[in-house]
Amino acid sequence: MPKLPRPPPAREITPEPLYLRRREFLKSGALFAGTASAMGAGLIALSGGSRATPPPAASALPDLPPSAVPPGAPGSAASARSPFSTDEPPTPFGDVTTYNNFYELGLDKGDPAENAATLHPRPWTVELAGEIKTPRRVDIDTLLGWFAPEERIYRMRCVEAWSMVIPWLGFPLGDLIRRLEPTSRAKYISFTTLFDQQQLPGQRNPVLEWPYVEGLRLDEAMHPLAMLAVGLYGKALPGQNGAPLRLVVPWKYGFKGIKSIVRIALTEQRPRATWNEAAPTEYGFYANVNPAVPHPRWSQATERRIGDFGRRPTLPFNGYAEEVASLYAGMDLRQNY
Amino acid sequence: MRDLSLAAAPETRPRAPGAPRPARLGWLVPAVITGGLIPAASLALAAARGALGANPVAEVMNQLGILTLALLVASLAATPLKIVTGWTWPIRIRKTLGLLAFAYACAHFLVYAAVDQGLDLAAVADDIAERPFIFVGVAALLLLIPLAVTSTARMMKRLGNARWKRIHRMAYLAAALGVVHFVMRVKKDVTEPAIYGTVLGALLLVRIVDWARRRYGNR
């Protein structure tokens, strides 16, 4: 007769009352798990914790036409650094191209990078208009052929109190203005973003008045620091950064840097500016970086450099005071914010 | 058969004779606590993996802020839900939801003060004094403190039902300030804070209608 296995010790035997309630126990366990995970998932979805954009690689971007790549650009043979460039370490490419304010491609910082495929930077025409010798429309590649692009590493300070260091590729705005031969009536320059709800679907959302417009005083525009960018990190501008042509004015808040420009006009009257019109008490026409003039809802005294944990003091004119402060001599910068 | 509670809290007080047997919902509060803490764990994990994008500090603050508001509104939904449906289970999780909201509010403020401002208390004080947006947020947090302190059954008993209720009505004010704080923070698009504001308004409306019906209507 085979031997029976030893009975389990008493402590391992499920007590009878618990054994009798096993179904209830399982049911409660399932309800617990279901409720907890549904609630957790719901809260994560509400708080936006489920969206994550993997940073794109620089290699995924198209190269600029060889003629447009300056000898000093990263990836090409090194040459002298522009005297206008900062020697601060550039913000990583992945951050520069995934943390963007470009409401035409979505309101969240990661949206423009995700939605940029709808924007087609070629073919592209730029209208040159207003108080210039010969108003005309030019193809973007014709326009790019007029100037040898150079690399400029600039600080970029957003009005939301964060900043980056970006190696732009482009040419001085003043070079274009000189070429256009402004008339004596030209006092300002105005810029207009593409208006196309297919390419820029965010323009279906009336959060701002579309198309985005911006402008500068002519002497600001002629300053050698002001540039039109066509690339960054030695590559063509990604859509989310304002392909194929955008303004970069490093001593002003980032929103002055209008993206995806289709029209440039010289004007006698001060042009409209989108954020200035949307909230005149919060965003001035000048929008010079100024730690002493707070935004009505937050301080501008400090900023977070993307990649840093803490904050650093914001510098007057974003650190370009030596170069540009004289443009505003005698002006009350608290009034003309 | 006894109520099976995963919290394993033994029934200490004997039920009054004739009182209904408590519903078997012992799993509910532990589930809400767990579910309420999952986003914190997920956020901590994402932060550790560096998966919060270019501005992780701002992202953490944003998410903690929205979690605070969502949980606060959820706790305020308990009573209106009971009024409308007659269900009693929402009342069982009201306190838990409120305390979760308070915990997220504290975390939100701590990340702001300790990480964003680098524990520069002078800068924090300046911000509170000069920036209405920060002031409103801090006011909401301060309002929640007495509510959290008086959330226990013992405090409820000590204060008496009427007084306790009066104090805890401040939760609506705190949530409203939270919505204002949210509206003031966004640059232009107020859709998301407007949704929270609308829900909050609807919840308040249910309570006002209920109050008016009991005061003036057929009893």
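Computed from heavy atoms alone, side chains included, the values below leave out hydrogens, waters and symmetry copies.
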Item to check | Evaluation steps, side-chain contact (heavy atoms from CB on, under 4.5 Å), between Ser299(A) and Asp127(B) | outcome: CA-CA 7 Å; Ser299(A) 167; Asp127(B) 245 12; 4.1 Å; yes

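- Using a 4.5 Å cut-off between heavy atoms, Ile93(B) does not touch chain A at all.
- The interface of residues 129-146 of chain B with chain A, defined by heavy-atom distances below 4.5 Å, comprises Arg131(B), Pro132(B), Phe133(B).
- The number of heavy atoms from other shown groups lying within 6.0 Å of CZ (Arg204(A)) is above 12.
- A 4.5 Å side-chain heavy-atom check between Leu46(A) and Tyr196(B) finds at least one atom pair inside the cut-off.
- The two residues Gly40(A) and Pro39(B) have their closest heavy-atom pair at O-CG, 4.0 Å.
- Using a 4.5 Å cut-off between heavy atoms, Trp298(A) contacts chain B through both its backbone and its side chain.
- With chain A as partner, the option from Ile33(B), Thr34(B), Val190(B) having the largest number of non-hydrogen pairs under 4.5 angstrom is Thr34(B).
- For Val96(A), no part lies near chain B; criterion is any non-hydrogen pair under 4.5 Å.
- To the nearest 0.5 Å, atoms CD (Gln117(B)) and OG1 (Thr302(A)) are separated by 6.0 Å.
- Of the possible polar contacts, one joining the Arg297(A) side chain to the Val186(B) backbone as a donor-acceptor pair under 3.5 Å is found.
- Of all heavy-atom pairs between Tyr99(A) and Ala58(B), the closest is OH-CB, 4.4 Å.
- Among Thr91(A), Leu31(A), Asn205(A), the residue with the largest count of heavy-atom pairs under 4.5 Å with chain B is Leu31(A).
- Residue Pro92(A): no heavy atom, backbone or side chain, is found under 4.5 Å from chain B.
- With Leu43(A) as reference, Leu71(B) is the one residue of Leu71(B), Ile38(B), Leu100(B), Ile66(B) to meet the side-chain contact (heavy atoms from CB on, under 4.5 Å) rule.
- Between chain B and the residues Leu208(A), Val207(A), Asp308(A), the most heavy-atom pairs under 4.5 angstrom are made by Val207(A).
- Of the listed residues Leu67(B), Leu43(B), Asn55(B), Val115(B), the one with more heavy-atom pairs under 4.5 angstrom with chain A than any other is Asn55(B).
- Considering all non-hydrogen atoms of both residues, Val32(B) and Met39(A) come closest at O-CE, 3.5 Å.
- When each of Ala301(A), Pro294(A), Ala36(A) is scored by its heavy-atom pairs under 4.5 Å with chain B, the top score falls to Ala36(A).
- A salt bridge links Asp116(B) with Arg304(A): the distance from a Lys NZ or Arg NE/NH1/NH2 to an Asp or Glu carboxylate oxygen falls below 4.0 Å.
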